[in-house]
Amino acid sequence: MPNDPRTQIYLQTPAQLDLHVFPDLLASVLDAAEIACLRLTTFGCAQDDIKRQADILRDIAHSRDISLVIDTHYRMVLPLGLDGVHLLDGTKQIREARKALGKDGIIGAFCGSSRHIGMSAAEMTADYVAFGPMLADPLLGDGSIAELELLQWWSEMIEVPLVAEGRISLEKAADLAHCADFISLSDEVWLNTDGAVAAIVAYAARLT
């Protein structure tokens, strides 16, 4: 993931994607705004489907010098030619993932709203820590939210990059531009009523 003083966009693929149409849509979105990293969402996907998706999305991302990480499945990173993994369970698999990926593989850890888990993940060589969600959502975590104060403290005290994710409105994106290294977007883009390209452009504008 690139080192840039500006807050950058970290884009997740939708939970369900149609490989007949999504690659063209993704290419349009990636060309419409500067994207630092793309995450392949694998929830509910069979292994063969993950491999097909990774093969197609890898070429789209890498042709634009964008890193492609996969959630959860760190053992699939090297065989699929990906750049790293996003772990959904805090610190539980960081050591195993680091052994599998070596020093150059990207390892990110989602730490909910816990400063303690975030600090532990950083100490265990996570390349970035993700906090969220930004707004309460019964489908994301235990219902708690990552307060802006936590992100501000992290940005001032900790060098490991911070990703803010989960229910990020345009207004919240403008607030996060002052403290997050990256904002992670998913449904905010893919389900936007104005269309994915218009959505990514709007979010990028809030970060400038």
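What you see below is based on every heavy atom in this structure, not just the backbone, and it leaves out hydrogens, waters and symmetry mates.
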Note, [X] side chain near [Y] side chain (heavy atom, < 4.5 Å):
| X | Y | result |
| --- | --- | --- |
| P161 | F182 | yes |
| S114 | F131 | no |
| S67 | I106 | yes |
| I107 | L87 | yes |

Just to verify, what does [X] make a side chain to side chain contact (heavy atoms under 4.5 Å, CB included) with, not counting sequence neighbours?
| X | answer |
| --- | --- |
| A204 | I9, A33 |
| C179 | L148, L151, Q152, S155, L176 |
| A61 | L38, I66, L68 |
| R75 | none |

- Evaluate side-chain contact (heavy atoms from CB on, under 4.5 Å) for M76 paired with L82, printing each intermediate quantity in order. CA-CA 8 Å; M76 299 180 76; L82 308 182; 5.8 Å; no
- Any side-chain hydrogen bond (donor to acceptor under 3.5 Å, both in side chains) involving residues 198-208? Give me the pairs, sequence neighbours left out, ordered by first then second residue.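 Sorted pair list comes back empty.
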- Query: Which pairs pass side-chain hydrogen bond (donor to acceptor under 3.5 Å, both in side chains) with one or both residues in residues 94-111, sequence neighbours excluded?
  - Reply: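 Passing the test, one end in residues 94-111: R98-T125, R98-D127.
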Shared hydrophobic cluster, [X] / [Y] (ILVMFWY, side-chain heavy atoms < 4.5 Å):
| X | Y | value |
| --- | --- | --- |
| L101 | L40 | yes |
| I70 | F43 | no |
| L88 | L162 | no |
| F110 | I117 | no |

Let me confirm one number: the [atom1]-[atom2] distance from [X] to [Y], rounded to the nearest 0.5 Å.
| X | Y | atom1 | atom2 | value |
| --- | --- | --- | --- | --- |
| L30 | L57 | CG | CG | 9.0 Å |
| R6 | D181 | CZ | CG | 12.5 Å |
| K172 | M134 | NZ | CE | 7.5 Å |
| K92 | M124 | NZ | CE | 11.5 Å |
| L185 | L11 | CG | CG | 6.5 Å |
| C45 | L17 | SG | CG | 7.0 Å |

For [X], all residues meeting salt bridge (charged side-chain N to carboxylate O under 4.0 Å, His left out), sequence neighbours excluded:
| X | value |
| --- | --- |
| D55 | R58 |
| D31 | R64 |
| D49 | R52 |

How close do [X] and [Y] get, counting heavy atoms only, and between which atoms?
| X | Y | result |
| --- | --- | --- |
| V160 | A122 | CG2-CB, 3.6 Å |
| A177 | L207 | CB-CD2, 4.0 Å |
| I56 | P23 | CG2-CG, 3.7 Å |
| A126 | A109 | CB-CB, 4.5 Å |
| A15 | T41 | CA-CG2, 4.2 Å |
| I200 | A32 | CG2-CB, 4.0 Å |

- Message: Taking ring pair (Phe, Tyr, Trp, His ring centres under 6.0 Å) as the cut-off, I'd like each qualifying pair that reaches into residues 50-73, sequence neighbours left out, listed once.
- Response: none
- Message: Y10: which residues meet the ring pair (Phe, Tyr, Trp, His ring centres under 6.0 Å) condition with it, sequence neighbours left out?
- Response: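 For Y10 the ring pair (Phe, Tyr, Trp, His ring centres under 6.0 Å) partners, ignoring immediate neighbours, are Y128.
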- Task: Given side-chain hydrogen bond (donor to acceptor under 3.5 Å, both in side chains), test S144 with S113 step by step and report yes or no.
- Result: CA-CA 7 Å; S144 62; S113 59; 3.3 Å; yes
- D18 meets the side chain to side chain donor-acceptor pair (under 3.5 Å) criterion, sequence neighbours left out, with H20
- Task: In sequence, state the C-alpha distance, the side-chain angles, and the governing distance for E165 and R39, and then conclude on salt bridge (charged side-chain N to carboxylate O under 4.0 Å, His left out).
- Result: CA-CA 12 Å; E165 69 173 65; R39 184 200 307 172; 2.8 Å; yes
- Does a sphere of radius 6.0 Å around CD in E149 hold more than 12 heavy atoms from other residues, nucleotides or ligands, not counting ones at 6.0 Å or beyond?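 Check passes, neighbour count above 12.
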- Task: Check step by step if side-chain hydrogen bond (donor to acceptor under 3.5 Å, both in side chains) holds for E188 and N192.
- Result: CA-CA 6 Å; E188 298 95 333; N192 194 287; over 6 Å; no
- Task: May I have the step-by-step check of side-chain contact (heavy atoms from CB on, under 4.5 Å) for L25 and W190, ending in yes or no?
- Result: CA-CA 10 Å; L25 175 60; W190 308 118; 3.9 Å; yes
- Between D71 and V85, is a side-chain contact (heavy atoms from CB on, under 4.5 Å) present by the stated rule, with each step listed? CA-CA 5 Å; D71 71 32; V85 65; over 6 Å; no
- Message: Between W154 and M119, does the side-chain contact (heavy atoms from CB on, under 4.5 Å) criterion hold? Intermediate values first, please.
- Response: CA-CA 9 Å; W154 187 276; M119 293 177 67; 3.9 Å; yes
